[in-house]
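Worksheet: the structure to be examined is printed underneath.
Start at 1 with the first residue, then count along the sequence.
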Amino acid sequence: MSAGLNRTLVGAQTTSRGAVLVIACFVSCQFVDITIATIGTFVLSVQKLVAILVLPFGAAILRRLHLSSDLTVFLGLMTLTFCVGPLLGGYESESLTNSLVSLFLNFSAATIVYSALLETNEPVRVIGRVWVCAAVATSILAVGQSAGVVPLFAVTSDNLQYQEVVAGVQRASGLKEDANFAAMMLVIGLIFARSTPNASRRFLSTCAILAGITATLSRMGIIVAILVMVATAGAPKASSRSLSQRTLSRLFTAAAVAAAGLVAFALSSGNLRHYLDERTRDLRVAFHQIVSGQTADGPVSSGAERAALFRGTATIIRDKFATGVGPGNVPQALYEEVGLYKPAHNTYLETVAIGGIFGALAILGFFAIVMLRLRRGSWPSTLPKTGISEVRLLCVCVGLMAAVLTLTYNAFLWIPLILATAMASASASEAGAGAKRAELRRASGRSGVDRTDGRVARKEATRDHRPPADRQMQINKD
């Protein structure tokens, strides 16, 4: 019985080839945004093709599929979010089928990746290593694109004119169409790179990924990357340091990052400095317009556009909070409201605008699941704390980036749910296994059976049962 339990525990901790294939395919596809074909209004991308073809193959060679109740609950909330507007509000339902297909593909991929992570000994470390490799490769590609050496593969010909910042310098996007989405993937890679145990690998991967994020010239990516550097200062030995040591390390890191930024800005060309000044000023203008409610005069900048989209989406939510406007209808509603045919560029506002009350419930459900699964005190003492801090930081960064990007239809939105749920399941499995081991030890003590090193030997067979007087007589004869 004990040997069978040991084999089961060892088998559960071994990463299968199917799990590695699933995790590698899923992570790699997060860095790719290339459209293969358009079937009617359904856009077939590389991500969707992998979800349709490759992930089921990986699922077939997994030991078993695990259906997560948390992922299922979020699927139900998002389904209601997508359906309530067209079915109850009378809005256009042309995009409803495509949105539901994408939603169920994302749920299927999330379930398969969740099952793969449960077949690993350390789920966060496994997916983290794959993500760092993909992030470093993308960073090298992005630096080449920024210098004009490597072409912008995923950017359409209509948008190429917007990628050039100054002569000879481009906003890199890797294999994504949008540079901000590429920066988002690199930021997640930076989180995992900062927790790499090997110091030299940690330093090299961190430098490479920071160069890639800088090459995207994404304000959101650079700001969140700085927050990650400060939050992970002293990693992976932060847990063994005192609060004052961690605080000093983070202050030193913040000062070093600020100094490096000032040096890079001073050494850049005049045209590039002018561009960076404009981008910084644009952030201040956008914040002022959102707070004051004023509109921009003259040409509409990126920040002013985001501010207008924010106000327009807030107005749509106020007027259509009961049912929302349905999936795919937010750009048209914003065009009628503020004259811009674009998404909200805010996952929270976009989701609530799509589904109204149900959209708000979906957002609340998302945060509730993540926070409950990653709450403090929910981990048994026998479970290594490797990966918990990384997942918490990842969820915070995704929450920040979702405020400036639309992730409602994107599989990336499911990653915090996948990791938080997988970590919680791993803790529950470890707690159950620990209880079984304790019960076996208690049973072993009661029966007098010694199972040390997998051998069964009865203590009664070697015990001397003679009376004490006979044992003393034998000693005297000897």
Side-chain angles (χ1 to χ4, degrees), residues 14-37 42-68 71 75 101-142 153-154 173-178 181-182 184-189 191-193 205 209 212 387 390-391 394 398 407 409-423 425-426:
T14 304
T15 305
S16 67
R17 294 181 180 179
V20 174
L21 174 64
V22 167
I23 294 171
C25 289
F26 180 79
V27 171
S28 300
C29 285
Q30 302 308 307
F31 289 82
V32 181
D33 187 16
I34 298 177
T35 300
I36 299 175
F42 180 76
V43 178
L44 181 62
S45 63
V46 172
Q47 287 182 336
K48 294 176 182 176
L49 184 64
V50 170
I52 294 172
L53 299 179
V54 180
L55 288 179
F57 173 75
I61 58 179
L62 290 175
R63 293 189 181 95
R64 58 174 294 189
L65 282 178
H66 302 266
L67 186 62
S68 168
L71 298 179
L75 171 68
V101 170
S102 299
L103 177 63
F104 278 88
L105 285 176
N106 292 339
F107 169 75
S108 301
T111 300
I112 296 172
V113 174
Y114 167 75
S115 302
L117 290 175
L118 293 185
E119 292 193 5
T120 65
N121 184 22
E122 295 180 336
V124 176
R125 178 166 293 182
V126 172
I127 195 171
R129 287 176 178 174
V130 178
W131 206 293
V132 170
C133 292
V136 170
T138 302
S139 298
I140 296 172
L141 181 65
F153 298 102
S173 61
L175 295 178
K176 305 284 285 187
E177 184 176 1
D178 193 321
F181 278 86
M184 178 174 64
M185 302 304 162
L186 294 178
V187 166
I188 303 303
I191 295 174
F192 290 126
S205 58
I209 295 173
E390 287 87 339
V391 174
L394 181 147
V398 172
L407 305 175
Y409 310 98
N410 201 302
F412 182 80
L413 182 65
W414 293 74
I415 291 178
L417 292 173
I418 297 171
L419 290 176
T421 306
M423 291 292 289
S425 298

Main chain of Q30, side chain of K176: is a donor-acceptor contact present, judged purely on distance under 3.5 Å? yes
Are the side chains of F57 and L21 in touch, meaning some heavy atoms are under 4.5 Å apart? yes
List the atom of V32, the atom of S28, and the distance in Å for their closest heavy-atom pair. CG2-O, 3.5 Å
Verify side chain to side chain contact (heavy atoms under 4.5 Å, CB included) between V187 and I209, making sure each step is shown before the conclusion. CA-CA 8 Å; V187 166; I209 295 173; over 6 Å; no
Would you call F192 and V130 a side-chain contact if the rule is heavy atoms closer than 4.5 Å? no
Calculate, to the nearest 0.5 Å, the distance between atoms OG and CG belonging to S115 and L62 respectively. 6.5 Å
Correct closest heavy-atom pair for L186 and G212 would be CD1-C, 3.6 Å
Can you tell me how far the CZ atom of F107 sits from the OG atom of S68, to the nearest 0.5 Å? 8.0 Å
On a heavy-atom basis, the closest approach of A116 and I23 is CB-CG1, 4.1 Å
If you look at every heavy atom in L118 and A422, which pair is closest and at what distance? CD2-O, 3.9 Å
Can you check whether V22 reaches L117 side chain to side chain, under 4.5 Å on heavy atoms? no
Any side-chain heavy atom of L407 sitting closer than 4.5 Å to one from M184? yes
Check A134 against V27 and note the closest heavy-atom contact, atom names and distance. CB-CG1, 4.4 Å
Are side-chain heavy atoms of I418 and F26 found at a separation under 4.5 Å? yes
With a 3.5 Å distance limit and no angle check, can you tell me whether S173 reaches the backbone of D178 through a side-chain donor-acceptor pair? no
Ring centroids only, cut at 6.0 angstrom: are F31 and W131 within range, meaning strictly under it? yes
Going by heavy atoms in the side chains, are L419 and L394 under 4.5 Å from each other? yes
What heavy-atom pair brings D33 and A154 nearest, and what distance separates the two atoms? O-CB, 3.7 Å
Measure the CZ-CZ distance between F412 and F181 for me, rounded to the nearest 0.5 Å. 9.5 Å
If you measure from CD1 on I415 to CG on N106, what distance do you get to the nearest 0.5 Å? 10.0 Å
Mind checking whether T138 and M185 have side chains closer than 4.5 Å, heavy atoms only? no
Just how far is it from atom CD of E390 to atom CE of M423, taken to the nearest 0.5 Å? 8.0 Å
Taking atom CH2 of W414 and atom CG of L71, what is their separation to the nearest 0.5 Å? 6.0 Å
